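Below: the structure, in structure tokens.
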Amino acid sequence: FACGAFAGTCVAACLHPLFVVKTHQQVNCFGVQKTVLNLWGSEGIKGLYRTFLAGFVRFPIALGVLFTVYEALKRPELLPDSLRLPKQQPCQKVDDTGSSHSTVMTVVNRAG
């Protein structure tokens, strides 16, 4: 969780101004350059970091949970027994005599 939270903090600190510009672009239908110049001209650097606290709280929590869930699913031995999927058994083929045996299929790709 801590690594994800740190990654979220880095994302919030580095990319927040881009998110603000993107939002202003969507609302005002301006290009990137005009949006940045309007924000800079009207509010200065503070305009690019508006609502920074919300992103600074949201991203560390979201990426902390994301990293934790990803690692838990990647390594199922870390999951509690109640959440583990049952191990799959190999496919069994039953022939007409009633006996079963494992089968192996191979696919041959012949170019020609």
Side-chain angles (χ1 to χ4, degrees):
F1 184 84
C3 292
F6 178 71
T9 302
C10 293
V11 166
C14 297
L15 298 180
H16 186 76
L18 296 176
F19 293 141
V20 171
V21 168
K22 174 197 64 123
T23 303
H24 279 269
Q25 274 186 289
Q26 291 172 338
V27 171
N28 300 321
C29 298
F30 293 150
V32 175
Q33 185 177 6
K34 188 171 182 178
T35 303
V36 171
L37 291 174
N38 283 346
L39 277 170
W40 190 267
S42 64
E43 301 180 43
I45 192 80
K46 287 173 66 175
L48 294 174
Y49 283 94
R50 186 185 321 167
T51 67
F52 180 70
L53 186 59
F56 198 73
V57 170
R58 182 184 66 188
F59 283 114
I61 293 171
L63 288 177
V65 170
L66 177 82
F67 277 40
T68 302
V69 170
Y70 173 77
E71 287 296 325
L73 293 175
K74 190 172 81 170
R75 297 187 295 177
E77 68 273 4
L78 299 178
L79 290 172
D81 290 334
S82 61
L83 294 177
R84 289 188 193 172
L85 294 173
K87 291 189 177 188
Q88 294 182 353
Q89 299 297 322
C91 296
Q92 298 289 320
K93 181 179 178 182
V94 178
D95 59 14
D96 294 336
T97 63
S99 64
S100 65
H101 54 277
S102 297
T103 60
V104 176
M105 288 181 51
T106 59
V107 176
V108 177
N109 186 9
R110 296 181 186 195

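This is a predicted model, so every value here is computed, not measured. In what follows, every heavy atom counts, from backbone to side chain, and hydrogens, waters and symmetry copies are set aside. Residue indices begin at 1 and follow the sequence shown.
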- Message: Could you check whether any side-chain N or O of H16 sits under 3.5 Å from a backbone N or O of R50, counting only pairs where one atom can act as donor and the other as acceptor?
- Response: yes

- Note on the structure: Between P60 and G55 the two heavy atoms that sit nearest each other are CD-O, 3.9 Å

- Note on the structure: When every non-hydrogen atom of F67 is compared with those of A7, the smallest separation belongs to CZ-CB, 4.1 Å

Should [X] and [Y] be counted in the same cluster of Ile, Leu, Val, Met, Phe, Trp and Tyr side chains packed under 4.5 Å apart?
X	Y	result
Y70	F6	no
W40	V20	yes
V11	L18	yes
F52	I61	no

Rounded distance (nearest 0.5 Å) linking atom [atom1] of [X] with atom [atom2] of [Y]:
X	Y	atom1	atom2	result
H24	K22	NE2	NZ	11.5 Å
C3	L63	SG	CG	11.5 Å
F1	E71	CZ	CD	14.0 Å
Y49	F56	OH	CZ	11.5 Å

- Item | Residue Q26 excluded, over 12 heavy atoms near CD under 6.0 Å | yes

- Query: Taking the side chain as C-beta and beyond, is there a heavy-atom pair between V21 and L39 under 4.5 Å?
  - Reply: yes

